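Here's the structure we're looking at; comments come further down.
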Amino acid sequence: MLLQYLRRQYKLLLFLAASAAIFAAVLSLYAYPAEAVGYAALLCIVLGLIFFAVGYAGFLRRHRELERLRESVHEAVLPLPPARSTLEADYQALLNAVCVHRAKLLTQSENKRQDLLDYYTLWVHQIKTPIAASRLLLQSGGETDREALSAELLKIEEYVKMVLGYLRLDSDSTDYVLRRCALDDVIRASLRRYARLFILKKLTLEFHETHRVLLTDEKWLEFVVGQLLSNAVKYTPEGGSVRIYPDGETLAIADSGIGIRSEDLPRVFEKGFTGYNGREDRKATGIGLYLCKRVLTNLGQGITIVSRPGQGTIVRLLLHDGRQVEE
């Protein structure tokens, strides 16, 4: 430790030695007695040693303080010693700001990791159901069973599509491509995808064309419409109906399903919230509507839901920048 301090203070030591030598040389030129010159030089050396000892003691104290701070490096705010100057206080404030920001980033990273872990755990349990149903249908092999098998495979595809959307939504490489597209084409593509589910549940479909063109991301908008149709099919009993129609500035998707309780409506867009229906059904992830809300917000659009238990649900998409298609 002493050698380190000497290497750190070598310029000061050289300066003191040079000063003592100059002082002695000047006094000797005036024919001062050697004893007086030696005594003056000795006093300079003693004074230098005193300053050296005081500086070395401060160096040791600072070294111990830094070692203690190194052990506390994981804390949000470091227990720094009192600042000895304005500049040192500025450095301490900067260091504390860096520590607070680092702790914030670590907390965000841990929360995101925990969210992914919770979602994957739920997703794995849920996807087991259509996989097990597919195995049973393959064993029977009837014509009706093949249609049901196709429906189960569609559910698996939707689960995979949802988890990919969940991962890509917060990614830095989210590929939004804005261009003009016909809203009716987006709706028809989703309806074709879910046609088997409509047929298997004997649901009545009523689709009124919107004749609108939007400046949006066609792929992500189709993802949103698909999620809403999936919910409509899932929560509408056999023989029910689903309506898709323009309603002023909005696109409405209405079903005659089981509806949503009034106390659950304010929270349906929260991540992981399943509400009473999700707890009863035990197949809800609480992610679908959350993703729809996030995607539409990123696209500069909106979404609202009204519902009554036992009477159905109406989801309205507020799609801006739309114009009528020339017929």
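Quick note: numbers below take in every heavy atom, side chains included, and nothing from hydrogens, waters or symmetry partners. Everything numeric here is computed off the predicted structure, so don't read it as measured data.
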Look at atom CZ of Arg308 and say whether more than 12 heavy atoms of other residues, nucleotides or ligands are closer to it than 6.0 Å. no
Rounded to the nearest 0.5 Å, what separates atom CZ in Arg261 from atom CZ in Arg267? 14.5 Å
Should Ile314 and Leu205 be counted in the same cluster of Ile, Leu, Val, Met, Phe, Trp and Tyr side chains packed under 4.5 Å apart? no
Nearest 0.5 Å, please: how far is OG1 in Thr313 from CG in Leu265? 7.5 Å
Should Leu203 and Val233 count as side-chain neighbours, where that means a heavy-atom distance under 4.5 Å? yes
Rounded distance (nearest 0.5 Å) linking atom CG of Leu215 with atom CG of Leu299: 9.5 Å
Is there a donor-acceptor contact under 3.5 Å from the side chain of Tyr194 to the main chain of Gly226? yes
When you measure from the side chain of Arg212 to the backbone of Pro246, do you find a donor-acceptor pair of N or O atoms at a distance under 3.5 Å? no
Is there a donor-acceptor pair closer than 3.5 Å between any side-chain N or O of Thr250 and the backbone N or O of Leu317? no
What closest approach, in Å, do Ile260 and Ser307 show between heavy atoms, and which atom pair accounts for it? N-OG, 2.7 Å
Taking Leu296 as the starting point, is it possible to reach Leu178 by hopping between hydrophobic residues whose side chains are less than 4.5 Å apart? yes
Look at the side chain of Gln301 and the backbone N and O of His320, then say whether any donor-acceptor pair between them is shorter than 3.5 Å. yes
Using every non-hydrogen atom in the two residues, find where Lys293 and Phe269 come nearest and quote the distance to one decimal. CB-CD2, 3.8 Å
Atom pair CD1 (Ile303) and OG1 (Thr297), whose distance is rounded to the nearest 0.5 Å: 9.0 Å
Going from CG on Asp255 to CD1 on Ile244, what distance comes out if it is rounded to the nearest 0.5 angstrom? 10.5 Å
Student check: side-chain heavy atoms of Phe207 and Asp184 closer than 4.5 Å: yes
Is a donor from one side chain sitting under 3.5 angstrom from an acceptor on the other, for Thr204 and Ser241? no
Which atoms form the tightest heavy-atom contact between Pro237 and Gly257, and what is the distance? CD-CA, 3.8 Å
Do the non-hydrogen side-chain atoms of Arg316 and Val306 ever get within less than 4.5 Å of each other? yes
Does the side chain of Leu214 reach to within under 4.5 Å of the side chain of Val186, using non-hydrogen atoms? no
Which atom of Arg180 lies closest to which atom of Val213, heavy atoms considered: CB-CG1, 3.8 Å
Sidechain-backbone polar pair: Asp217 side chain, Val177 backbone, donor-acceptor under 3.5 Å: yes
Is any side-chain heavy atom of Trp220 closer than 4.5 Å to one of Asn298? no
Over all atoms of both residues, closest heavy-atom pair of Tyr245 and His208: CB-CD2, 3.8 Å
Straight-line distance of Ser190 OG to Gln227 CD, nearest 0.5 Å: 10.0 Å
In terms of heavy-atom contacts, Gly240 and Ser256 come closest through CA-OG, 3.5 Å
Indicate yes or no: at least one non-hydrogen side-chain atom of Thr216 is less than 4.5 angstrom from one of Leu183. no
Find out whether Val315 and Leu251 are in side-chain contact, i.e. whether some heavy atom of one side chain is under 4.5 Å from a heavy atom of the other. no
